[in-house]
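Please read the structure below before turning to the comments.
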Number of protein chains: 2
Amino acid sequence: MVQRNTDVSVQVSGSHDTAACTVIEVLDRVSGKWAIGILIATAHGPVRFTELERSIKGISRRMLTLTLRNLERDGLLVRKVYPTVPPKVEYTATDIALELYESLASLTSWAERHRTAIAAARDAYDRAER
Amino acid sequence: MVQRNTDVSVQVSGSHDTAACTVIEVLDRVSGKWAIGILIATAHGPVRFTELERSIKGISRRMLTLTLRNLERDGLLVRKVYPTVPPKVEYTATDIALELYESLASLTSWAERHRTAIAAARDAYDRAER
DNA sequence: CTGTATCCTCCGGGATACTG
DNA sequence: CAGTATCCCGGAGGATACAG
């Protein structure tokens with residue numbers, strides 16, 4: 001989770017600072033290397049711990065647990081334990097999480113529209129600066 | 001900038017993995033403690049270096065420079081130098097940046113709608129776990 | 001005024017081993 | 001199966017000083 005501005009981050013005037021704060025709230029929830037992946041992986045029904053571990057390539061058991069706990073803490077995931085043996089645990093996205101998932105669509109759209117332009121800008125910049 | 005999955009991050013099936021990747025592209029552009037603040041501060045016309053330094057509370061000169069360079073490199077900001085003495089430098093948001101700025105609106109909306117629910121979930125979780 | 005250059009700290013996250 | 005517990009490392013970012 002990136003260290004962010006908790007106090008009034010931008011001091012323009014009017015509503016810009018609160019806008020910044022609000023956006024930052026979301027980003028803090030979604031920051032971290034794995035949160036988005038988990039959100040997406042749980043967006044279509046309950047998923048078990050090991051399923052997640054397998055579907056999210058490269059995640060360590062530790063980070064999977066930690067990220068799940070954070071998402072659960074924020075009310076984005078529900079953790080249900082079946083007291084069987086061996087144990088079974090299911091994680092389910094809440095409505096709030098699903099709404100977030102949809103809100104990310106406009107960002108996805110932005111990235112798709114401008115991905116090549118951004119790559120080009122990057123190339124140009126890098127070629128110029130050396 | 002948070003360390004993220006560059007390879008296929010989520011292996012569900014169909015388009016979920018590409019969706020994840022695309023979202024992550026944006027987040028990488030916007031991650032870092034200060035990028036959003038700068039985006040917002042430059043969203044309403046050219047701003048000078050020192051103006052930014054003053055309006056974005058708590059930012060160090062180093063991070064201001066670094067973040068500005070990254071945003072410029074991605075084509076989100078244009079840096080214009082007036083060869084006067086003392087020097088004057090203006091940063092202007094590009095159209096791409098402005099579009100991004102607007103796309104963030106749905107996230108802001110999400111945060112506003114659920115902020116209290118999230119806070120409540122957090123409280124409940126913390127009270128339960130001890 | 002607009003930056004660079006260094007040094008240093010903190011913490012997100014990986015690797016590995018152990019457990020109910 | 002679903003986690004904890006430790007140890008460790010790299011890099012984001014702060015503080016400070018210097019410069020064109």
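A, B, ... follow the sequence lines: proteins, then strands. Residue 1 opens every chain.
Nucleotide D:dG3 holds its C1' atom 16 Å from the CD atom of A:Glu51, rounded to whole Å. To the nearest angstrom, C1' of C:dT2 lies 14 Å from CD of B:Glu72. Here C:dA5 presents its C1' atom at 11 Å from CG of B:Leu66, a figure rounded to the nearest Å. Taking atom OH of A:Tyr82 as the reference point, atom C1' of D:dA2 lies 15 Å away to the nearest angstrom. The distance from atom CD of A:Glu90 to atom P of D:dC1 is 15 Å, rounded to the nearest whole Å. Distance A:Arg79 CZ to D:dA2 P: 10 Å, rounded to the nearest Å. Look at NZ on B:Lys88: it is 13 Å from P on C:dC1, rounded to the nearest Å. Between the P atom of D:dA5 and the CZ atom of A:Arg69 lies a distance of 11 Å, rounded to the nearest Å.
A:Ser60 comes within 4.0 angstrom of the backbone, heavy atoms only, and of no base. As judged by a 4.0 angstrom heavy-atom cut-off over every strand, B:Tyr91 is placed among residues touching the sugar-phosphate backbone only. Residue-level contact check: B:Arg48 touches the backbone only, with heavy atoms under 4.0 Å from sugar-phosphate atoms and none from bases.
Of the residues A:Arg62, A:Arg48, A:Arg61, the one that meets the salt bridge (charged side-chain N to carboxylate O under 4.0 Å, His left out) test with A:Glu53 is A:Arg61.
Defining each end axis of the helix from C:dC1-D:dG20 to C:dG20-D:dC1 as the rotation carrying four pairs' C1' atoms onto the next four, with five pairs an end, the two axes are found to diverge by 50° to 10 degrees.
B:Ser106 and A:Ser106 are linked by a side-chain donor-acceptor pair at a separation below 3.5 angstrom, with hydrogens and angles left out of the test.
Across all their heavy atoms, A:Leu39 and A:Thr42 have their closest contact at O-OG1, 3.2 Å.
In this model, the phosphate group of D:dA2 is not approached by any side-chain N or O of A:Arg54 to a distance below 4.0 Å at OP1 or OP2. Note on B:Arg61: every side-chain N or O is 4.0 Å or more away from OP1 and OP2 of D:dA15.
Of the candidates C:dG13, D:dG14, D:dA2, the closest approach to any side-chain atom of A:Val89 belongs to D:dA2.
Both B:Arg62 and A:Arg62 lie close to DNA chain C; mapped to their nearest nucleotides by heavy-atom distance, the more 5′-ward contact belongs to B:Arg62.
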Exercise. Go through A:Ile38 and A:Leu64 one step at a time and tell me if the side-chain contact (heavy atoms from CB on, under 4.5 Å) criterion holds.
Key: CA-CA 8 Å; A:Ile38 292 180; A:Leu64 178 54; 3.7 Å; yes

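Taking the six-membered ring for Trp and thresholds of 30 and 60 degrees, B:Phe49 and B:Tyr91 have ring planes inclined between 30 and 60 degrees apart.
The 12-atom threshold is exceeded at CG of A:Asp123, counting heavy atoms of other residues, nucleotides or ligands nearer than 6.0 Å.
With salt bridges taken as basic N to acidic carboxylate O contacts below 4.0 Å, one links A:Arg113 and B:Glu99.
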